[in-house]
Amino acid sequence: MTDFTEDVYKIVKTIPKGKVASYGWVGKQLGSARLARAVGNALHKNPFADIPCHRVVNSQGKLAEKFGKGGWRVQKEMLVAEGVRFANEHRVDQRWMVV
DNA sequence: CTAATGACCATTA
DNA sequence: ATAATGGCCATTA
């Protein structure tokens, strides 16, 4: 466990239920938006169950193709279950993105 | 130490 | 709309 991933989880847990945030947004909360890539790696390599990684999408509002177990389909269902609206089959409505 | 990788981002064609 | 390119950062081999 590195300090970086630790912080990433801290931020991800901050995302309110029924909302989603982009990797860039998370990185920004950590200091710089360029950490987006590293954030994705952190979530990919440390998929702890107590982390709402399904609320994290990319800047286009799309879901991770390589999302652990199930892929973006399952992730989408989880978000819908929380009240997140989708603009279409693969895009999350921007208004449900954290500012 | 260096090189390669990835659940990214923005720009350009 | 999709494809390719360059850049960014932390982790891993």
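Reminder, nothing fancy here: chain letters follow the sequence lines and each chain counts from 1.
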Could you check which nucleotide pairs with C/dT11 in any of the strands shown, counting Watson-Crick or G-U wobble with both distances under 3.5 Å?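 C/dT11 is paired with B/dA4.
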
Tell me what [X] touches on the nucleic acid: a base, only sugar-phosphate, or nothing, going by heavy atoms under 4.0 Å.
{"X": "A/Thr2", "value": "sugar-phosphate"}
{"X": "A/Ala38", "value": "base"}
{"X": "A/Tyr23", "value": "base"}
{"X": "A/Leu43", "value": "base"}
{"X": "A/Asn58", "value": "sugar-phosphate"}

Side chain of [X]: nearest nucleotide among [options]?
{"X": "A/Ala36", "options": "C/dC9, B/dA7, B/dC8", "value": "B/dC8"}
{"X": "A/Ser22", "options": "B/dA7, B/dC9, C/dC9", "value": "B/dC9"}
{"X": "A/Asn41", "options": "B/dC9, B/dG6, B/dA7", "value": "B/dG6"}

If you restrict it to nitrogen or oxygen atoms, what contacts under 3.5 Å exist between nucleotides 11-13 of chain B and the protein, and what is each distance?
none

Note, A/His90 side chain near A/Leu63 side chain (heavy atom, < 4.5 Å):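 Answer no - side chains too far apart.
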
Please confirm whether the shortest side-chain N or O distance from A/Arg37 to OP1 or OP2 of B/dG6 is below 4.0 Å.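 No, no such contact exists.
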
Side-chain N,O (A/Ser59) to OP1/OP2 (B/dA10) below 4.0 Å: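 Checking B/dA10 against A/Ser59, a side-chain N or O does come within under 4.0 Å of OP1 or OP2.
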
Can you see which heavy atom on A/Ala64 is nearest to which on A/Gln75, and at what distance?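 Smallest heavy-atom distance, with atoms named: N-OE1, 3.9 Å.
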
Side chain to side chain donor-acceptor pair (under 3.5 Å): which pairs involve residues 51-66 of chain A, sequence neighbours left out?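 As it turns out, the side chain to side chain donor-acceptor pair (under 3.5 Å) pairs with a partner in residues 51-66 of chain A, which skip direct neighbours, are A/His54-A/Glu82, A/Arg55-A/Glu82.
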
